[in-house]
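In what follows, a structure is listed as structure tokens, so that the remarks can point back to it.
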Amino acid sequence: MKIKFPDGSIKEYEYGITPYQIAESISKGLAKEILVAKINNQMYDLNRPITNDCEIFLYKFKDKEGKSVYWHSTSHIMAQAVKRLFPNVKVAIGPAIENGFYYDFDTEKPFTDEDLMQIEAEMKKITFEGEPFIRKQVSKQEALDFFKDKNEYKVELIKELAEDEQITFYQSGEFIDLCLGPHLPDANMIKEIKLLHTSGAYWRGNEKNKMLHRIYGISFQSKKELENYLQKLEEAKKRDHRKIGKELGLFATYDQIGAGLVHWLPNGARIRDIIENFWKKEHYKAGYELIYTPHIGKGSLWQTSGHLDFYKESMYPPLNIEGEDYYLKPMNCPFHIAIYNSELHSYRDLPIKYAELGTVYRYELSGVLHGLMRVRGFTQDDAHLICTPEQLQDEIIKLLDFSLYMLKSFGFDKYEFFLSTKPEKSIGKPLDWEKATETLKVALEVRGFQYNIDEGGGAFYGPKIDIYIKDALDRSWQCTTIQFDFNLASRFNMTYIGEDGKEHRPYMVHRALLGSLERFFGMLIEHYAGNFPIWLAAQQVQIIPISEHYISYAKEICNRLSNENIRVKIDTRSEKLGYKIRDAETKKIPYMLIVGEKEKANNTVSVRRHLKGDLGSFCVSDFISIVKKEIENKK
RNA sequence: GCUGAUGUAGCUCAACGGUAGAGCAGCUGAUUUGUAAUCAGCAGGUUGGGGGUUCGAUUCCCUCCAUCAGCUCCA
């Protein structure tokens, strides 16, 4: 048999050789590390004989494929442990996920933390027993017979498989499960296991189905890796915007006012003001007109826009005013279109770009609300771009550039692009959808951006490009969305007068760059862990007089900085220096200026940088220019 | 919305079927300080809201609200 390796080399092997033996023939080290193989695009267990000429890939834990198998096998071990401890529990499905694995169980009483500890201990026992994972091929009938009367979930899964499909069972010890595989050679390869938490999950994600109990966990090959992972979780917890938001007085929600309704506290509001000012300035520069529109509008408006047909479940019930229904706006588009339609437009006026920091209200299920990330009222940095067909492609490319410029300004420089296509529930002609999708695609390709396609993930009114950013912990967040919209233009009968003197239909693109100010702020907080760059910091400088004798000198400095538009305060409390420094550090104020006898005599300040410490003494004008430069560079 | 957990002072947390306690923050006073916590005193709570059981509830039960981990969905 000829076997081709990833480097292109081809070697001859005996019929029936296993991937493990092949790895062994290359090196003992490799054999020790590999977890799974891909044979002609099919994932193979390491001990599954190869019976054809093929191309082979071998995967280790560091590979996505390796991790996935490792975690999937761990989920089987978990199911096995659960079956040992709770024999009446039925197992449903248990895949590997991005970070670890889960398994869903049908059980009367949910798992407690003590149960998790017990299960974890049992899993350790199973890994010590080290039984091999054995792959068994069965017919559909055999499979059905096996699970009949035992487990309706497996029966349901099997029934959906094609008649002639190869069905496989995997057995480890006494535990047999329907499973496509592949798996690790044996349970002993799983070294470190941690069960993380439990939750409810509907069978097949459908709320009409029975609620199952899910256990999440993760496993690694070494204690160190597990510790690193847990540490990363800790780090994420420390950066949680909800925690930092409370500590720094950035934002709050209140029970008595309502869930998901955000209050921007003075420090957070100051940062928002800075973001908004920057945003407005850049939008004017980029040729946008800023507008403001109302928060409610008549039902007929939302009927025309299609929102009442396609978006009603996210809208609040109407307010009845003088016999007329008014709805809180879930989007800004109809208002922007009304402004456009209020006068006649020549092709010479286009493109028209209306931008608005528009506050919208959407009904979100109470269970999904989350800090600033998922709320019920939020402000989109919205804009609608209305242009001729000729301008379209160019405008989309400009938009991509503008988006990235904005994101970069806030310190985000890693992106992922998603192109979302026509969903099932949609309005508009298929041909329009095709054209729109193509325009977005071309824009991405012109800029050379790699992108993923989210099939059926578009909005009901058009295809879209979403940009996800990666933060300091490498987590992805959805930010920019650029959404095509052929439908509203025709629903509201938008037109412009062309060169030919006739009416034409313009194209419309709906976009939000930061997404929503609330979510974006949440991302900023977590990205910077609350240590905002100086241009964003609510307070930039804290002046700390060493004792009351230096307050007047401190005030002098404070005035000079204030006059330069630097956000500065003085700590006049009669506390020791260390106390005031600690306080300023805790508040994450970028610069502390310590002033005492020495500074007063020499007309200087002692500069301490947040998280960095003492930088030595500077004359005030030098300090001002350093700070101004830093603000200018958005560092 | 659903499953499970949680809700005690501004914050972090403790305690209990017999009307709640600490640290930090706050206030007052003393101190006048050199790069991450000076000392002392004071004040601070309808134990998330409502209802029930009980001689007595903050504790047990019900219900509502909110939060957390998920399911589902999205900016």
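Keep in mind it's a predicted model, so treat the numbers as computed, not measured. Order of the sequence lines fixes the chain letters, A, B, ..., with proteins taken first and strands second; residue numbering starts at 1 for each chain.
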5' precedence on RNA chain B between A/Tyr311 and A/Gly613 (nearest-nucleotide basis):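 It is A/Gly613 whose nearest nucleotide is closer to the 5' end.
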When the nearest nucleotide of RNA chain B is assigned to A/Ala512 and to A/Leu611 on a heavy-atom basis, which residue is associated with the more 5' position?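 By nearest-heavy-atom nucleotide position, the 5'-most residue is A/Leu611.
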Interatomic distance, [X] [atom1] vs [N] [atom2] [rounded to whole Å]:
X	N	atom1	atom2	answer
A/Ile544	B/A37	CD1	C1'	13 Å
A/Leu195	B/G4	CG	P	20 Å
A/Asp583	B/U38	CG	C1'	15 Å
A/Tyr361	B/A75	OH	C1'	15 Å
A/Ile215	B/A5	CD1	P	15 Å
A/Asp115	B/G4	CG	C1'	12 Å
A/Ile546	B/G34	CD1	P	7 Å
A/Met592	B/U33	CE	P	22 Å

By the 4.0 Å heavy-atom rule, please label A/Thr379 as base, sugar-phosphate, or nothing.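 A/Thr379: no heavy atom of the nucleic acid under 4.0 Å.
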Applying a 4.0 Å non-hydrogen cut-off, can you work out what A/Glu575 is touching in the nucleic acid: base, sugar-phosphate, or nothing?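 Answer is base: heavy atoms of A/Glu575 come under 4.0 Å of a base.
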Show the numbers, then the answer: is there a side-chain hydrogen bond (donor to acceptor under 3.5 Å, both in side chains) between A/Glu599 and A/Ser606? CA-CA 7 Å; A/Glu599 290 74 18; A/Ser606 262; 2.9 Å; yes
Ignoring hydrogens and geometry, is there a side-chain-to-backbone donor-acceptor pair from A/Lys580 to A/Pro545 under 3.5 Å?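 Answer holds: yes.
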Report yes or no: does A/Asp381 contribute a side-chain atom to a donor-acceptor pair with the main-chain N or O of A/Gly515 at less than 3.5 Å?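 Between the backbone of A/Gly515 and the side chain of A/Asp381 there is a qualifying donor-acceptor contact (under 3.5 Å).
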Does the gap between the ring centers of A/Phe410 and A/Phe520 come in under 6.0 Å?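 Judged by ring-centre distance (under 6.0 Å), A/Phe410 and A/Phe520 do meet the cut-off.
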Would you say the rings of A/Phe521 and A/His241 are close, in the sense that their centroids are separated by under 6.0 Å?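 When the ring centroids of A/His241 and A/Phe521 are compared, they turn out to be at least 6.0 Å apart.
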If we take the [atom1] atom in both [N] and [M], what is their distance in whole Å?
N	M	atom1	value
B/G10	B/G1	P	28 Å
B/U47	B/C2	C1'	29 Å
B/C42	B/U53	P	42 Å
B/U72	B/C13	P	30 Å
B/U59	B/G52	C1'	15 Å
B/U12	B/U8	C1'	12 Å
B/U33	B/G45	P	38 Å

For [N], take OP1 and OP2 only and decide whether either is under 4.0 Å from a side-chain N or O of [X].
X	N	result
A/Lys243	B/U12	no
A/Tyr579	B/A25	yes
A/Arg573	B/G26	yes
A/Thr481	B/A75	no
A/Lys464	B/A75	yes

From the set [options], return the single nucleotide nearest to any side-chain atom of [X].
X	options	value
A/Glu548	B/A66, B/U38, B/U32	B/U32
A/Glu585	B/C73, B/A36, B/G34	B/A36
A/Gln380	B/G1, B/A75, B/U35	B/A75
A/Ile581	B/G34, B/A36, B/A75	B/A36
A/Tyr363	B/U33, B/G1, B/C74	B/G1
A/Arg582	B/C73, B/A36, B/C11	B/A36

Any donor-acceptor N/O pair under 3.5 Å between B/G1 base and A/Glu313 side chain: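 Donor-acceptor pair under 3.5 Å: no.
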How does RNA chain B look in dot-bracket form if you count Watson-Crick and G-U pairs under 3.5 Å, write [ ] for pairs that cross, and put | where a base pairs with another strand? (((((((..((((....[..)))).(((((.......))))).....(((((..]....))))))))))))....
Within the sub-3.5 Å range, which N or O atoms of nucleotides 43-46 of chain B have a protein N or O partner, and how far apart are they?
none

Presence of salt bridge, [Y] and [X], under 4.0 angstrom:
X	Y	answer
A/Arg374	A/Glu364	yes
A/Arg608	A/Asp614	no
A/Asp240	A/Lys238	no
A/Glu160	A/Arg204	yes
A/Glu247	A/Lys588	no
A/Glu455	A/Lys422	no
A/Lys398	A/Glu395	yes

Quick one: pull up CE in A/Met508 and OH in A/Tyr461 and give me the separation to the nearest 0.5 Å.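 These two atoms lie 8.5 Å from each other.
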Just the table, please: protein N/O against nucleotides 68-72 of chain B N/O, every pair under 3.5 Å.
{"residue": "B/C68", "atom": "OP1", "partner": "A/Arg242", "partner atom": "NH1", "Å": "2.8"}
{"residue": "B/A69", "atom": "OP1", "partner": "A/Arg242", "partner atom": "NH2", "Å": "3.1"}
{"residue": "B/A69", "atom": "OP2", "partner": "A/Arg242", "partner atom": "NH1", "Å": "3.4"}
{"residue": "B/G70", "atom": "O3'", "partner": "A/Tyr216", "partner atom": "OH", "Å": "3.0"}
{"residue": "B/G70", "atom": "O2'", "partner": "A/Ser199", "partner atom": "OG", "Å": "2.3"}
{"residue": "B/G70", "atom": "O2'", "partner": "A/Tyr216", "partner atom": "OH", "Å": "3.2"}
{"residue": "B/G70", "atom": "O6", "partner": "A/Gly367", "partner atom": "O", "Å": "3.4"}
{"residue": "B/C71", "atom": "O4'", "partner": "A/Gly200", "partner atom": "O", "Å": "3.4"}
{"residue": "B/C71", "atom": "O2'", "partner": "A/Tyr202", "partner atom": "N", "Å": "3.4"}

Pick out which of A/Lys312, A/Arg376, A/Glu313 makes a side-chain contact (heavy atoms from CB on, under 4.5 Å) with A/Tyr363.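 The option that passes is A/Arg376.
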